[in-house]
**Q** 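Attaching a single structure in structure tokens format; questions to follow.
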Amino acid sequence: MSLLESLNPEQLAAVTLPRESALILAGAGSGKTKVLTARIAWLIQTGQVGPNGVLAVTFTNKASKEMLHRISTMLPINTRSMWVGTFHGLCNRMLRAHWKEAGLPQAFQILDMQDQLSAIKRMYKVLGIDAEKFPPKQLSYFIGSAKDQGLRPKDVEAHDEYHRMMVRLYEAYEAQCQREGVVDFAELLLRSFELLGANPALREHYQARFKYILVDEFQDTNNLQYNWLKRLAGPQGCIFAVGDDDQSIYAFRGARVANMVQFENDFAVQNRIKLEQNYRSVGNVLKAANVLIGHNKARLGKELWTEAGEGEAIRVYEATSDQDEAAFIIDRIKKLVLEEGFSRSDIAILYRSNAQSRVVEQALFNAGMPYRVYGGLRFFERAEIKHALAYLRLMDNADDDNSFSRVVNFPARGIGARSVEQLQDLATSQVTSLYRAIHRLEGRAQAGLKKFADLIERMRFETRGLSLADLVDKVINESGLVAHFQADKDGEDRVENLKELVNAAASFAIAEGYYQDAAATMVDEEKLITPLADFLSHASLEAGDNAAAAGQEAIQLMTAHAAKGLEFKCVFVTGLEEGLFPHENSIGNSVEGGDGTSVEAVEEERRLMYVAITRAREQLFLSHAQQRMLHGQIRYHLRSRFLDELPEDVLKWLTPKRAHIASQGWDALDSKVWGQSKTLNVGYSNKTTKRPYDIGTGVSHAKFGNGVVVAYEGEGDDQRIQINFGRQGMKWLMLSLAKLEKF
DNA sequence: CCCGTCAAGGTTTTT
DNA sequence: CCTTGACGGG
């Protein structure tokens, strides 16, 4: 059978497993997606299951689109009715189909993170909560983690006043969401989970239907997602889980690698198949990756190999500064493009945190090299788009106070904070929404508010029977949004974006089969949803591309996190410094491993580094800088321990490798000290400023023992030197008095 | 109501 | 350094 022909023995074994649960440990570049899609295609093609009997779940929209695309090239079937999507997308689908049983209004809206925060702030106003004492972000986090544990307010144990308050706020938030007919991301999952729990008939229906469940990036599942899968699969369930514990980089947002082992126990997994042959990178890159990740203790164990040649050595550069690092990168890129014939889009520059992109961007800009930065605002997150969506949502669901508040006075129509406050009071006392409260204002009715309500009503009436795109077009004009931004001298882009929203609606309508003339309000036996509601869900669940627009032939800039799942011929991993990568917040910290054990937080950083270097197919460059500008201060960092963990024989140091770190031992440096360096006067007035020891060199002190010079401060007799003495802590010593020796 | 100024604070991110 | 949010004056 042709679809099995290109598989290696392990891949073939995985694809053709009988109906039993299995864990596939798939290393970076080992053909993970290929195996997933081939298994689905094989199951269907051999008649073991129909397209409707398969459910495949991923974490990102991109991954699910890719999967659908590949399936449709392998099989002549309509994939649109298949349950392939993200956890949130599939839960949304289920809740749309069973909104009544789930206790939701038919037109329930989805809150993204921004929306959730503004909902919390609005609630604080009504309840008179001090946002300083209980930061909205903290509440959002609290609610999110509770839901991830499957806990409702009544289930959360609070042992102190602060947490009792958080629980009360959680409860109030939940009541508000319920009244307004909105759900946040975690709620989609929890509702769906509870729906299956409370409804045996429904549960059994889905358990019988989905004979085969496949999960991508299994190491990224959180507690709730795991339990949702378990419940959906049922006692006879068959789950095909694909993941890589070495690429688990999202523990900080609740992902539990421990789910992999728990899965093997819960589902009596007989087969743990390892995919270790790598089809992406040259030998040297792979060797570096293997040795690096070998430093982690918490691993299931796996070693990648390749048939490809060794390739170039991994080149390492120690820059004097972040500017110098950028200059090095530009220089190498020029060589790669002009002399070695790589295309700019083959080249990626990776960093630990977004702030690091600035210096590189500047340098690329000055060198006239096109580049593309991932990680900005996404299309559906832009303010003007959010405004347009708010009008649409309010038309669809009159109880959506979030949307109401966003646009009631935007564009400005003379409705001040005072009027809205009064309206809120009335709405609160009558337990209704802001929009509905307008009609109860009676004599005190504020003319502006009435006019606003009329506007919404009119738009609702006038858009009846229009196609989705025409509807959106009508609303952006009728609402005054387009006129408002046209009048703004800097509003050109925003007008363009609003028009782009009309296009997005049109493409969505076509993709989903609503077509242009869809007076159709109901489509798809399973969706039971209007095109508008469907589009609004889509906008919340899929915020769109987050890359800044640029020519296709551009150098790619992104964080190591954002690079997961991608590959490039040439990769630069930058900022390899203690405190940056590994990040200072991880150094010396332990975190709960998900199964009660304690794991070094730096292991996740190491996995991130592993992800970063395994993005490279042919050439890999690593760099660090002696000093860099961070938070407006010059900071000095030692080179990353990760550089010292790489095997020397695959490295080629372009600058001399300095030896100060290896002799030191990392235990001495594990306190959180790197963030405390002081600003220095650099480059001038060093008449009275001496630096007998270079930053980064080791010194010993009679009382404190060995340490590393981190910074200098002051001048002349007042000049002080900062030294990290490891366990003894960070000390500032008077240079004139301290008795120090180089070691 | 809009715009400026000032203070605070600043991993990683998808849905 | 640079972005974000909170206030107060015009």
Side-chain angles (χ1 to χ4, degrees), chain A residues 57-64 85-92 110-118 121 131-132 135-137 141 144 147-148 183-190 192 216-217 220-222 224-225 248-255 322 350-359 361-362 374-378 380-381 409-419 448 484 488 490 537-544 546 558-565 575 579-587 589 601 604-605 607-609 611-612 628-635 675 679:
Chain A
V57 61
T58 62
F59 276 84
T60 66
N61 291 300
K62 205 173 155 196
S64 68
T86 63
F87 278 101
H88 295 84
L90 296 177
C91 287
N92 179 49
I110 300 165
L111 301 184
D112 66 16
M113 228 170 28
Q114 274 182 53
D115 298 331
Q116 193 196 25
L117 278 179
S118 45
K121 287 177 191 160
E132 302 274 297
K137 271 196 186 138
Y141 176 79
K147 288 184 179 178
D148 283 351
V183 296
D184 60 40
F185 285 138
E187 185 72 24
L188 282 172
L189 282 152
L190 185 52
S192 169
D216 189 18
E217 305 276 16
D220 287 339
T221 51
N222 68 24
L224 180 55
Q225 287 158 344
S248 162
I249 55 174
Y250 288 113
F252 73 92
R253 67 174 198 219
D322 46 356
L350 309 184
Y351 34 79
R352 177 64 178 78
S353 64
N354 284 305
Q356 287 167 250
S357 73
R358 192 173 314 281
V359 181
E361 279 186 70
Q362 193 73 48
Y374 288 76
L377 255 198
R378 297 153 62 217
F380 287 110
E381 288 169 357
N409 196 36
F410 193 94
R413 46 176 74 89
I415 301 171
R418 191 75 209 118
S419 319
H484 173 266
D488 185 346
D490 315 312
S537 296
H538 165 81
S540 302
L541 290 173
E542 191 169 347
N546 66 351
M558 68 195 82
T559 63
H561 281 93
K564 187 170 166 203
L580 255 190
F581 202 170
H583 195 272
E584 59 193 2
N585 293 0
S586 75
I587 295 175
N589 283 334
E604 177 147 315
E605 298 284 309
R607 291 193 292 268
L608 184 57
M609 176 71 179
V611 167
R628 81 170 57 238
M629 198 64 139
L630 210 61
H631 305 328
Q633 289 189 321
I634 295 174
R635 304 216 324 190
T679 309

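Bear in mind the structure is a predicted one, so any value in this text is a computation, not a measurement. Letters go in sequence order (proteins before strands), and every chain restarts at 1.
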**Q** Do any side-chain nitrogens or oxygens of A:T86 fall under 4.0 Å of OP1 or OP2 in B:dT14?
**A** no
**Q** When you check the phosphate oxygens OP1 and OP2 of B:dT15, does a side-chain N or O of A:N61 lie under 4.0 Å from one of them?
**A** yes
**Q** Both A:F185 and A:R413 contact DNA chain B. Which one's nearest nucleotide lies toward the 5' end?
**A** A:R413
**Q** Figure out the OH/P separation between A:Y351 and B:dT13, and round it to whole Å.
**A** 9 Å
**Q** Is B:dT12 syn or is it anti, if syn means the base angle is within 90 degrees of 0?
**A** anti
**Q** Could you tell me whether the phosphate oxygens of B:dT12, OP1 or OP2, come under 4.0 Å of any side-chain nitrogen or oxygen in A:N354?
**A** yes
**Q** Is the backbone of A:I249 close enough, under 3.5 Å, to the side chain of A:R607 for a donor and an acceptor to pair up by distance?
**A** no
**Q** Without decimals, in angstroms, what is the distance between A:D216 CG and B:dT15 P?
**A** 13 Å
**Q** Can you tell me how the ring of A:F185 sits relative to the ring of A:H88, calling it parallel under 30°, perpendicular over 60° and tilted otherwise?
**A** perpendicular
**Q** Between A:I415 and A:E542, just flag the one whose closest nucleotide in DNA chain B comes earlier from the 5' side.
**A** A:I415
**Q** Between the side chain of A:H583 and the main-chain N/O of A:N585, is any donor-acceptor distance below 3.5 Å?
**A** yes
**Q** Using the P atoms only, state how far C:dG5 lies from B:dT12, rounded to an integer number of Å.
**A** 16 Å
**Q** B:dT11 base stacked by A:H583? Criteria: ring centres under 5.5 Å, plane angle under 30°.
**A** yes
**Q** C:dT4 and B:dT13: how far apart are their P atoms, nearest whole angstrom?
**A** 15 Å
**Q** Using centres under 5.5 Å plus planes under 30 degrees as the test, is A:F252 stacked with B:dT12?
**A** yes
**Q** Are A:K564 and A:D220 within salt-bridge range, i.e. N to O under 4.0 Å?
**A** yes
**Q** What is the separation between atom NE2 on A:H538 and atom P on B:dT15, rounded to the nearest whole Å?
**A** 11 Å
**Q** With a non-hydrogen cut-off below 4.0 angstrom, is A:Y250 in contact with a base, only sugar-phosphate, or nothing?
**A** sugar-phosphate
**Q** Check this one for me: any side-chain N or O of A:R378 less than 4.0 Å away from OP1 or OP2 of B:dT15?
**A** yes
**Q** Run the salt-bridge test on A:E542 and A:K62 with the 4.0 Å N-O cut-off and return the result as yes or no.
**A** no
